[in-house]
Structures are given as C-alpha cells and as structure tokens.
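To start, the structure itself, in structure tokens.
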Amino acid sequence: MEDLTIMPSWLHNFIYDVVGARKNNNCFKALQNLHNTHEENIEYLGTYFPRTFTEVSRIISKLRQETKYFDSIDCKNRIRILSAGCGTGGDVCGLIHAIHAVKPQASFEVSLFDGNSDALEICRGVLHELSVHEDISISIKTYIIREIRSKRDFKEIREEFSEQDIIITSKFLNEVLGYFSNAYYYFVKKFSKLLSEDGIMIINDVICRAYCEQFVPTYMNRDLNEAIRVADLSSVLPLPCRANRNCRERYCYSRFSNGSYSDYTFRVISGEKFADSIVPHVQPNDYQIDYVKDISCRVVA
C-alpha cells in the first residue's frame with residue numbers, strides 16, 4: 001500500500017527533472033522568502049517543498065486516525081481551500097494529495113495568495129501537474145499581496161475571500177514575526193471568520209528560533225491558545241491541545257517527527273461546536289506533560 005506521507009515518484013521527477021529544483025539547505029535564508037528570485041525559489045522547491053508536503057500529509061493522516069473529520073464531510077464533494085502564503089505549494093499539494101486518497105470523488109476550488117509572483121506561478125504549475133497525474137479536478141485562483149507589516153493587513157487581505165472549508169498556512173507566519181510578535185493570533189482571529197460550519201484551519205511551521213531568540217512553537221502556541229480563548233474556536237489536533245482548551249502556558253513547545261526530515265510543529269483549529277462533534281472526549285490527564293530545561297511545557301502525545 002502506498003505511503004501517502006511520501007511524495008509520489010512522478011512529483012519528485014517533475015520538480016527535480018522538469019522544473020530543475022535543487023537542494024540548498026539554508027535555514028536562515030528560508031525564513032525570508034518574500035523577495036526570492038526565481039533561482040532562490042527553485043532552491044526552496046528542491047529543499048523545503050518535499051518536507052512541507054510530508055508534514056501536511058502526516059497532519060491529514062492524524063486527522064483521519066484521531067478524529068471523525070472525514071466522516072463529517074463524507075457527503076461533501078467540493079472542497080474550498082485557501083492557502084495563505086502558499087510559496088511554491090508544498091502545503092496545498094500535500095493537502096490535496098492526502099485528501100484525494102480518502103475522498104477520490106472530491107473536487108477542489110483553491111485560492112492561493114503570496115507576495116512573490118514567481119513562487120505563485122511555480123505553485124500553480126505543480127498543482128496543474130497534480131490534477132493531471134492523479135485525475136483530480138482542481139480550479140485555481142491566485143492573488144498577489146503586499147508585504148504584511150500589521151494586523152490591519154490581515155483584515156484587508158481576508159476581505160478578498162469568501163467562505164472556505166480548509167484554510168492552510170505553512171511556514172508563512174514565522175516570517176511575519178519580524179514585524180509583530182502576535183502574528184499567529186491575528187491571523188487566526190481574522191481568517192477564522194471565513195471558515196464554513198465544518199471548516200478547519202491548519203497551521204504548520206518550523207521549530208527553529210525566530211526573532212528575539214524564542215522558538216517558533218513558543219510564539220505559535222502562545223498566540224493560538226489566546227485566539228481560542230477569545231473566540232468561539234477550539235483545537236482539534238494535537239489531542240493534548242484539545243484536552244487543554246484553557247491552557248495558559250506561555251512557553252509551550254510542541255514538536256513532531258517528520259521522519260528523515262526536520263521536525264515540525266502544527267495545530268488544527270475549528271469552530272468549537274464542530275470540534276465537539278468530531279473529536280473524541282479527551283481529558284488533560286490522558287497525556288503526559290514533560291517539563292524540560294528551557295522549555296516550560298512540552299506535551300508528549
């Protein structure tokens with residue numbers, strides 16, 4: 001049986017042999033991609049696209065195994081997706097590839113936004129190949145946005161879009177941290193208003209240090225816990241975060257394995273009512289909290 005968390009061979013051949021992607025591990029450069037040249041986007045495609053593809057595929061696998069999400073959308077055959085800061089598209093391609101394996105009859109309406117027009121075109125091209133090779137109906141709209149420097153920018157961008165079934169963002173918000181430190185909070189607060197009744201938001205990111213020397217998961221978890229408390233939202237995954245809805249730990253650090261690639265952090269969020277319907281009843285004491293030096297709270301699922 002095919003391992004859906006591994007990038008299929010045709011896609012590997014396409015990005016490396018046809019597009020000419022190259023590997024260049026430069027984690028510091030990868031934190032700033034808005035002004036990438038075409039050559040820099042090609043290097044990002046060859047280095048980080050496969051990682052993001054497998055990370056999002058693993059998240060969808062967890063969603064299928066640990067929740068009733070796919071049961072709840074069994075009759076939904078048109079899925080609207082918004083990819084925020086899509087870059088070269090590892091997140092949205094991994095997402096569609098994984099969902100298609102569960103719902104082969106589904107079609108996808110995809111909206112992409114990014115501040116780098118070349119990356120948008122690469123993403124569009126890869127999605128086209130995905131639709132052809134795996135016989136998936138995918139319609140695509142792209143939006144060029146300006147650099148995000150304030151929470152007001154999130155509100156203005158959100159107004160360009162209508163209701164969505166899935167909103168996904170991967171390794172985009174850590175770039176915004178350079179302008180304001182509560183980027184995750186304001187993104188969720190503004191964009192969650194677009195979610196349909198059975199909509200989910202997937203936030204995926206790196207585990208390296210961000211600005212001010214704090215780790216990205218620390219910023220992310222702090223912001224998301226606050227956003228959930230002030231809105232009618234709930235964590236869906238990871239399950240420990242679902243169990244601890246009122247968590248006020250400001251230095252929580254979550255980390256998940258991505259096999260041979262670098263580890264990652266993520267959260268899946270939905271409206272509270274929908275989360276109640278798809279997530280098994282979990283208690284905080286179902287999970288071990290591991291207290292370690294320099295990291296106040298690390299959940300071990």
Could you tabulate the donor-acceptor pairs under 3.5 Å formed by side-chain atoms of residues 10-21, not counting sequence neighbours?
| residue | atom | partner | partner atom | Å |
| --- | --- | --- | --- | --- |
| Trp10 | NE1 | Glu134 | OE2 | 3.1 |
| Asn13 | ND2 | Ser9 | O | 3.3 |
| Tyr16 | OH | Gly46 | O | 2.5 |

Residue set satisfying side-chain hydrogen bond (donor to acceptor under 3.5 Å, both in side chains) with Glu160, at least two apart, ordered chain then number -> none
Mind checking what makes side-chain contact (heavy atoms from CB on, under 4.5 Å) contact with Asp118, not counting sequence neighbours? His38, Asn41, Asn116, Ile122
Please report the C-alpha distance between Ile96 and Leu127 in whole Å, then the side-chain angles of each, then the deciding distance to 0.1 Å, and finally whether the side-chain contact (heavy atoms from CB on, under 4.5 Å) criterion is met. CA-CA 9 Å; Ile96 292 175; Leu127 280 172; 3.9 Å; yes
Residues which pass side-chain hydrogen bond (donor to acceptor under 3.5 Å, both in side chains) with Arg152, listed by chain and number, not counting sequence neighbours: none
Glu66 side chain near Val236 side chain, heavy-atom distance below 4.5 Å: no
Just to verify, which of Tyr264, Phe266, Phe256 counts as forming a side chain to side chain contact (heavy atoms under 4.5 Å, CB included) with Glu55? Tyr264
I want to check something: taking the side chain as every heavy atom from C-beta on, are Lys62 and Ile59 in contact at a cut-off of under 4.5 Å? no
Under the 3.5 angstrom rule, does the side chain of Thr142 hit a backbone N or O of Leu120 as a donor-acceptor pair? no
Looking at every heavy atom in both Gly94 and Val56, which two are closest together, and how far apart are they? C-CG1, 4.1 Å
Roughly how far, to the nearest 0.5 Å, is OG of Ser137 from CD of Gln105? 12.0 Å
Hey, mind stepping through Lys193 and Glu159 against salt bridge (Lys or Arg N to Asp or Glu O under 4.0 Å) and telling me if it holds? CA-CA 10 Å; Lys193 297 180 186 300; Glu159 291 172 352; over 6 Å; no
Under the criterion ring-ring contact (aromatic ring centres under 6.0 Å, His included), I'd like the reasoning laid out for Phe191 against Phe161: C-alpha separation, chi angles, the key distance, then a yes or no. CA-CA 9 Å; Phe191 278 84; Phe161 302 98; 7.0 Å; no
Contact between Ile138 and Leu130 at the side-chain level, heavy atoms closer than 4.5 Å - yes or no? yes
When you look at CD of Glu272, are more than 12 heavy atoms from neighbouring residues, nucleotides or ligands closer to it than 6.0 Å? yes
So, Asp276 and Arg242, do they make that salt bridge, N to O below 4.0 Å? yes
Hydrophobic clusters here meaning ILVMFWY residues chained together by side-chain heavy-atom distances under 4.5 Å, can you tell me if Ile148 and Tyr179 are in one? yes
With a 4.5 Å limit on heavy-atom distance, are the side chains of Thr265 and Val206 in contact? no
Please report the shortest heavy-atom distance between Phe108 and His100, naming the atom on each side. CZ-N, 4.4 Å
Is there a salt bridge (Lys or Arg N to Asp or Glu O under 4.0 Å) between Arg149 and Glu147 once you walk through the steps? CA-CA 6 Å; Arg149 293 175 176 265; Glu147 192 168 13; 3.2 Å; yes
Taking 4.0 angstrom as the limit, do Arg22 and Glu39 come out as a salt bridge? yes
Under a plain distance cut-off of 3.5 Å, with no hydrogens placed, do Asp205 and Asn174 share a side-chain donor-acceptor pair? yes
Taking all heavy atoms of Gly199 and all of Phe274, pick out the closest pair and write down the distance. O-CD2, 4.1 Å
Quick one: does Ile81's side chain get under 4.5 Å of Leu95's, heavy atoms only? yes
Are Leu112 and Val132 connected into the same hydrophobic cluster when the rule is that any two of I, L, V, M, F, W, Y join if their side-chain heavy atoms are below 4.5 Å apart? no
Side chain Thr47, main chain Tyr44, donor-acceptor under 3.5 Å: no
Given the rule in the side-chain contact (heavy atoms from CB on, under 4.5 Å) test, do Ile157 and Tyr143 qualify, once you have shown the distances and angles that lead to the verdict? CA-CA 10 Å; Ile157 294 168; Tyr143 301 80; over 6 Å; no
dist Arg255:CZ -> Phe215:CZ (nearest 0.5 Å) comes out at 8.0 Å
Decide if atom NZ of Lys151 counts as having more than 12 heavy atoms of other residues, nucleotides or ligands within a radius under 6.0 Å. no
Could you go through the side-chain contact (heavy atoms from CB on, under 4.5 Å) check for Ile79 and Glu109 one step at a time? CA-CA 6 Å; Ile79 299 176; Glu109 294 181 3; over 6 Å; no
Please report the interatomic distance OG(Ser111) to CG(Leu194), rounded to the nearest 0.5 Å. 10.0 Å
Side chains of Lys171 and Thr52: donor-acceptor distance under 3.5 Å anywhere? yes
Show, in sequence, the C-alpha distance, side-chain angles and deciding distance for Thr169 and Asp91, and conclude whether the side-chain hydrogen bond (donor to acceptor under 3.5 Å, both in side chains) test is met. CA-CA 7 Å; Thr169 184; Asp91 58 351; 5.8 Å; no
Partners of Asn225 by side-chain hydrogen bond (donor to acceptor under 3.5 Å, both in side chains), sequence neighbours excluded? Arg267
Donor-acceptor side-chain pairing of Ser61 and Gln65 below 3.5 angstrom: yes
Tell me, please, which residues at least two apart from Glu129 pass salt bridge (charged side-chain N to carboxylate O under 4.0 Å, His left out). none
Does Gly87 offer a backbone N or O that forms a donor-acceptor pair with the side chain of Asp114 under 3.5 Å? yes
Heavy-atom check, side chain of Leu237 versus side chain of Leu63, under 4.5 Å: yes
Interatomic spacing from CD1 in Ile60 to OH in Tyr69 - rounded to 0.5 Å: 7.0 Å
Check the pair Phe154, Phe187 against ring-ring contact (aromatic ring centres under 6.0 Å, His included), reporting the backbone distance first and the verdict last. CA-CA 6 Å; Phe154 280 145; Phe187 177 83; 5.7 Å; yes
Can any side-chain N or O of Asn204 pair as donor or acceptor with the backbone N or O of Ser170 at less than 3.5 Å? no
Would the distance check show the side chain of Glu156 and the main-chain N or O of Asp153 forming a donor-acceptor pair, the cut-off being under 3.5 Å? no
For a quick test of reading the model, state the closest non-hydrogen atom pair linking Tyr219 to Ser181 and the distance between them. CD2-O, 3.6 Å
dist Arg58:CZ -> Ser257:OG (nearest 0.5 Å) comes out at 6.0 Å
Does any part of the side chain of Arg64, heavy atoms only, come nearer than 4.5 Å to the side chain of Val102, both counted from C-beta? yes
In sequence, state the C-alpha distance, the side-chain angles, and the governing distance for Leu173 and Met220, and then conclude on side-chain contact (heavy atoms from CB on, under 4.5 Å). CA-CA 9 Å; Leu173 294 174; Met220 189 183 87; over 6 Å; no
Other residues, nucleotides and ligands only: do more than 12 of their heavy atoms fall within 6.0 Å of NZ on Lys155? no
Do the side chains of Phe180 and Val188 join up, straight or via other hydrophobic residues, at under 4.5 Å, putting them in one cluster? yes
To the nearest 0.5 Å, tell me how far Ser262 OG sits from Tyr48 OH. 7.5 Å
Check: Ser196/Asp165 side-chain N/O donor and acceptor closer than 3.5 Å: yes
